[in-house]
Amino acid sequence: MAELTYRAAVARGIAQEMERDPSVVLIGEDVAAAGGVFKTTSGLLEQFGPVRVRDTPISEEAIVGGIMGAAMNGLRPIGELMFSDFLATCWDIVVNQIAKTRYMTNGQVSLPLVIRTANGGGTRFGGQHSQSAENWAMAIPGLKVVAPSTPRDVVGLLAASVRDPDPVIFFEHKNLFATKEDVPDGEIVDRLGEAAFRTMGDDVTIVALAAMVPVAIEAAGLLAAQGVSAEVIDLRSLVPLDTAAFLGSVAKTGRLVTVEENPRLCGWGAEIASIAAEECIWDLDGPIVRVTTPHIPLPAAAELEDLAIPDAQQVVRAVLAMA
Amino acid sequence: MAELTYRAAVARGIAQEMERDPSVVLIGEDVAAAGGVFKTTSGLLEQFGPVRVRDTPISEEAIVGGIMGAAMNGLRPIGELMFSDFLATCWDIVVNQIAKTRYMTNGQVSLPLVIRTANGGGTRFGGQHSQSAENWAMAIPGLKVVAPSTPRDVVGLLAASVRDPDPVIFFEHKNLFATKEDVPDGEIVDRLGEAAFRTMGDDVTIVALAAMVPVAIEAAGLLAAQGVSAEVIDLRSLVPLDTAAFLGSVAKTGRLVTVEENPRLCGWGAEIASIAAEECIWDLDGPIVRVTTPHIPLPAAAELEDLAIPDAQQVVRAVLAMA
Amino acid sequence: MAEPATVDIDPSTRLALYRSMVRARYFEQRAYDLFMEGIVKGTTHLGLGQEAVAAGFAEAMNPTDMTFCTYRGHNHTLLRGAPMTPLMGELAGRDVGICGGKGGSMHLTDVSKGAMGSYAIVGAHLPIAAGAAWAAQVRQSGQVSVCFFGDGATNIGAFHEAVNFAAVWKLPVVFVCENNLYMEYTPISAVIPVPHPAADRAASYGLESIIIDGNDADVVYDMATRTIERARSGGGPALVEALTYRHKGHSRADPGKYRPDEEVAAWMARDPIVLYRERLTAAGFDPTLLDEIEQAGLAEIDATTMEIRNAPPPPPETMMTQLWADGGSQWRN
Amino acid sequence: MAEPATVDIDPSTRLALYRSMVRARYFEQRAYDLFMEGIVKGTTHLGLGQEAVAAGFAEAMNPTDMTFCTYRGHNHTLLRGAPMTPLMGELAGRDVGICGGKGGSMHLTDVSKGAMGSYAIVGAHLPIAAGAAWAAQVRQSGQVSVCFFGDGATNIGAFHEAVNFAAVWKLPVVFVCENNLYMEYTPISAVIPVPHPAADRAASYGLESIIIDGNDADVVYDMATRTIERARSGGGPALVEALTYRHKGHSRADPGKYRPDEEVAAWMARDPIVLYRERLTAAGFDPTLLDEIEQAGLAEIDATTMEIRNAPPPPPETMMTQLWADGGSQWRN
Ligand SMILES: Cc1ncc(C[n+]2csc(CCOP(=O)(O)OP(=O)(O)O)c2C)c(N)n1
Ligand SMILES: Cc1ncc(C[n+]2csc(CCOP(=O)(O)OP(=O)(O)O)c2C)c(N)n1
Ligand SMILES: [Mg+2]
Ligand SMILES: [Mg+2]
């Protein structure tokens, strides 16, 4: 057991898999010599050498196209996109090629690859370096979508992603990089599609992801002080989606709130809310409420950015307003 | 009044605006000399000349970046992307630049531009030429999203899009190109954000878009024969969204079904359903049902593609199952 | 343009080249006929007239080498060894289709033969082909990736990223631009400021400028052999521009009327199959041998056609298979 | 590299160039200090050491010409005439910020001065700059677009698409690659197979290969004048590679340790401002005049700093303004 940052957990997770399987390789901009701009790949070049850990040009289509081709030919590559905003620069390869190729070839092609990328806001970087792009990926059939909220989960879910035979987009939240927790020694491997119950409760189900998980947990604490018992579910992966976790919880609590960082329209919260509205409407004792960033790009100024990203107070207000 | 195809309505709509305003220009692959691969821009080169109607290289980033720059400098450009699937090849310029620039510059930059693109399936083209991408656009703050279902609406909504001071993604549905209706002579200009009631009804609200509108109308006919009176709402634009139209309708009918062509997760149907589940849950007499394409890429074989895209029978079954 | 190949190509290879071109020709002609008949649905982008490029490269490749091509990829997939009936079945959307009908005309793939897919977004497969070559380099597998694309594809960003990436990493990939002078309906000359879409860009990546007569199977085979072997032995990528012409329009029933009559006539007079038959005959090959190759090709496509006419469509349940490696398409529990 | 400019540049222009570089230098140094103090938040990508490029081009442009730059765009925006306090205010996320605090350090824009934006996705602004030039061509407005980017940007697809597009349409745009030898931490030489990221690609687009000393303000000004005027008179685009070096790391507090000491020392010895002061002095300019320029620059940045320290943040309601042209951000009724 050692205390680990979320940032260091990324390198540990990658190293765990690279040690185990020589076909795992890592490429991206500044990932090798520099150890990544967020220092999430520190030490990997030294440990695994320049054939397996390699810096690329600023060519996102070459990075993701490159790992796709490599996955077709015997490697299990990990490609880093420095910021998730840059998914847009190679979106064609991600959605039209990586996501569809197994289906369109009727299973001839397997793509065991992982695209890791720094996601989310809170860093005052402005609108082009702060997006939460996990919804873009969730909307595309053929992509698995993972977004851990804790250092331990980074290791376990990264291992699961690397071992998964299908393409995974792995979102590392920039605002969580510095967070720490005690992480068990030895190999950690999770399963995709299993949500975690971060608090147990009877009055309301709060579904969250990545950096919104600590926000939801904080809100649950504040609500407890007001006599409201909240069950916080950390989805951990959007595809596969643990619908049983939240449907079961709502059956108990009768109330559902989703807490998302991304802009409001067509987010994963809408998907969760819609599933609930279709499948457990009779369990509901009130409206389903989505707490989200407003439908705007993230502003750079600290005061505006903090206002835009949901915080615990906002979640508390949403829950109390439902009653 | 003359009978017009949806295909011809596109050219008519563009011509109407180009005649009115010399700053309106059109570029894209094969749009000029060839009149467009779907013949939606036939005759425009002859009418408006090679400065205003121009063929580009196969360079989607240059096309959408080009119209963005042009919109910053006094033109009202229309750029064609041959298939909406190709939005992915220039997604960065669309979402990170076009959508965000007004907000990030605090209003210094206006982008009165239109990206027109052929959307949707039913043509047996396979997974890379059949997508419904309107949800991708809806999820991005800063984009307006328009998708007409009839030839008349093509003209009126295209005019509204060209005149709009904000960037609009205009989805022309490939499977509707051959459809016809009588369209009034003279200028037609609609407003974005106004849904149309295609049938009136008391028992269920069916919300549809583009090629799913005729499907919903057909379903309403079949339902009528079974004594169920359906109100079919054609959204016409997703942003701005006429929420009043469907919330008002659900207040009357108590039941809501959305009919979408796109893959299931995080679609506009989820947004509609979530809005309803938050704002009019007490009006609902049953679950909200989304009829969608399954969460798969569209297969090419006719039998599979027809199975994947919602048809009237599927809508009827969904409505009857709610009861 | 390079001179006609003066290199020695052994007789059996030359017969194989002829046989390849003939088979491709019959396949594409029949695909057109079946499209007009409504049996092939959606669209078709035929490689009629461009057979020498596909034949020359396929012949020069090892079985474990990898082909990446476009929607205009029937020739390439067939000539790597994919069987004809599953290919035509895919065009017709039948269960017997090589992709079970899920791919369609633009997406022929036969991984077992190294035909690693036909990609329908212009330029997208160049980085993918480079990536496959990178895996070959890492794994020291000795494979080479060959990636075909059109003149129009040279103006899309992915072209630039892929060729630069391959050049700087010295990847074993040969990029082959089939310059047929047109994109869909617009001539390539209208959208580039240099005469040669690929060759005039090679220097950007430290690569040699290579232009060949893509209608001469010997020339193609010769250049294919040289560039593939150089790539295989660690010499890095090549960018080859093969000049050729499509006999039909861009796709479907396009009559190609945007092309000047004289231009069409000049290129039709350079039909790669006619030229090659003449060359072989002049070189002393027995004409009856060539006739037999043709007859066998015709018999093969006739047999395929018969099979396809009666082939059932994919069963409905296949719609939901093979999104994921577990065989299914479930995204939730 | 081109020889030092031997052209005649009139004295007032030379003083203007000096003044520009000095103002930019003070601005960037202060931005760094304020970042370390926590007043400038998020990130900063400083143009320290690269001032001659920004100064030379800005001086050669007409007021209606348009500048497009990157996250490393403070110099360029300032030197087109954007006032200092709103720029520093934007870096500090204050209401007085040129974008009301919504943009931040990477997104300085002052449309009223032709500073058409700072773009933070590498390469994305090249097609946009070309598009603005296209509008100038269509409207016959006589404007020229000047687009700055780094060496690393030459490997992204948008670079290729934009330069080709501009060349084939003969658009009035000058593409300026500030080759400072590094991307973030990786040297450009590690990721390209040619020596010059921009100049060695120019021929792909039928353009001249142009490499200049980007630390020599006279040289930059001279080349800027020539390429801009050619573009303005219908001669089409240019691609200029200006060799330069950043004095600090890539961004924020990066100490730039990945760069060899001797390399850093050699370039520090070629500080564009020191060199230019020496040249002006040697040419007989009165040193007190130069001192005054420096004092004025310092006074300006001090005044700005004071204003910024006390400036309020943007009011909360501005979060929801200016998504749309109606001033608001409503997407529904
Ligand atoms: C990114 C992208 N843009 C546009 C298209 C539409 N399209 C399909 S084929 C084609 C022409 C391609 O021309 P070329 O590369 O010369 O290949 P050819 O068809 O001549 O073999 C176009 C524009 C596409 N499939 N992908
Ligand atoms: C498409 C994209 N990829 C990666 C990045 C991250 N990034 C920001 S600056 C930079 C280095 C750019 O180097 P260069 O073009 O030489 O410009 P410089 O910073 O040296 O001025 C990188 C990789 C980005 N902003 N956009
Ligand atoms: Mg072509
Ligand atoms: Mg640089």
Side-chain angles (χ1 to χ4, degrees), chain A residues 27-39 45 50 54-63 65 81-83 85-90 92-93 121-131 174 263-266 293-309, chain D residues 40-43 71 89-95 97 99-107 118-124 150-159 183-188 190-192 197 250-251 254 257-258 312-323 329-332:
Chain A
I27 65 171
E29 295 158 17
D30 299 301
V31 297
V37 297
F38 296 108
K39 299 288 168 229
L45 171 66
R54 199 157 179 188
D55 288 321
T56 67
I58 305 177
S59 303
E60 277 75 8
E61 292 196 285
I63 295 171
L81 297 178
M82 208 183 272
F83 288 76
D85 313 70
F86 310 161
L87 273 168
T89 66
C90 51
D92 171 58
I93 312 267
T123 50
R124 291 69 172 109
F125 286 169
Q128 294 182 341
H129 284 68
S130 304
Q131 268 160 116
K174 291 194 283 294
R264 188 164 186 83
L265 301 187
C266 299
T293 296
H295 203 61
I296 52 169
L298 276 187
E303 290 78 3
L304 298 184
E305 192 182 31
D306 288 343
L307 198 63
I309 298 176
Chain D
V40 167
K41 299 205 180 63
T43 186
Y71 49 87
E90 190 62 30
L91 268 59
R94 305 300 161 111
D95 192 33
C99 301
K102 285 176 177 158
S105 159
M106 297 205 272
H107 298 291
S118 305
Y119 299 79
I121 308 286
V122 165
D151 42 283
T154 61
N155 297 319
I156 200 152
F159 165 86
M183 302 182 293
E184 298 213 4
Y185 311 131
T186 304
I188 184 69
V191 298
I192 53 172
H250 171 72
S251 66
D254 167 27
K257 286 296 176 211
Y258 40 86
E317 63 275 16
T318 63
M319 178 178 77
M320 298 303 285
T321 61
Q322 291 301 350
L323 184 65
S329 60
Q330 194 61 269
W331 49 269
R332 60 175 287 184

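All chains are named by letter (A, B, ...) in the order of the sequence lines, taking the proteins before the strands, and each is independently numbered beginning at 1.
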Engineer: Non-hydrogen atoms of chain A under 4.5 Å away: do they reach the side chain of D:Leu323, the backbone, both or neither?
Structural biologist: side chain
Engineer: Short question: side chain of A:Ser59, backbone of D:Asn155 - any donor-acceptor pair under 3.5 Å?
Structural biologist: yes
Engineer: With chain A, which of D:Val122, D:Thr43, D:Ile121 has the greatest number of heavy-atom pairs at distances under 4.5 Å?
Structural biologist: D:Ile121
Engineer: Just how far is it from atom CD of D:Gln322 to atom CD1 of A:Ile296, taken to the nearest 0.5 Å?
Structural biologist: 12.5 Å
Engineer: Side chain, backbone, both or neither: which part of A:Phe125 has an atom under 4.5 Å from a heavy atom of chain D?
Structural biologist: both
Engineer: Sub-3.5 Å donor-acceptor pair from the side chain of A:Asp55 to the main-chain atoms of D:Thr186, do we have one?
Structural biologist: no
Engineer: Are any of the side-chain heavy atoms of A:His129 and D:Tyr71 separated by less than 4.5 Å?
Structural biologist: no
Engineer: A:Pro57, A:Pro299, A:Gly127: which one forms the most heavy-atom pairs within less than 4.5 Å of chain D?
Structural biologist: A:Pro57
Engineer: Is it the side chain or the backbone of D:Ala120 that comes within 4.5 Å of chain A heavy atoms, both, or neither?
Structural biologist: both
Engineer: Go through D:Lys41, D:Glu90, D:His107 and name the one with the most non-hydrogen pairs under 4.5 angstrom from chain A.
Structural biologist: D:His107
Engineer: Determine the option with the most heavy-atom pairs under 4.5 angstrom with chain D, choosing from A:Thr89, A:Thr56, A:Leu265.
Structural biologist: A:Leu265
Engineer: Could you report the tightest heavy-atom contact between A:Ala301 and D:Pro314, atom names first, then the distance?
Structural biologist: CB-CG, 3.7 Å
Engineer: Go through the atoms of A:His295 and report whether side chain, backbone, both or neither lie under 4.5 Å from a heavy atom of chain D.
Structural biologist: both
Engineer: Which atoms of A:Ala302 come close to chain D, meaning under 4.5 Å heavy atom to heavy atom: side chain ones, backbone ones, both, or neither?
Structural biologist: side chain
Engineer: Count the heavy-atom pairs under 4.5 Å between each of D:Pro313, D:Ala158, D:Ser329, D:Ser251 and chain A, then report the option with the highest count.
Structural biologist: D:Pro313
Engineer: Counting only non-hydrogen atoms closer than 4.5 Å, does A:Glu303 touch chain D with its backbone (N, CA, C, O), its side chain (CB onward), both, or neither?
Structural biologist: side chain
Engineer: Once rounded to the nearest 0.5 Å, what's the spacing between atom CG of D:Asp151 and atom CD1 of A:Ile58?
Structural biologist: 7.5 Å
Engineer: Quick one: what part of D:Met319 sits under 4.5 Å from any heavy atom of chain A, side chain, backbone, both or neither?
Structural biologist: both
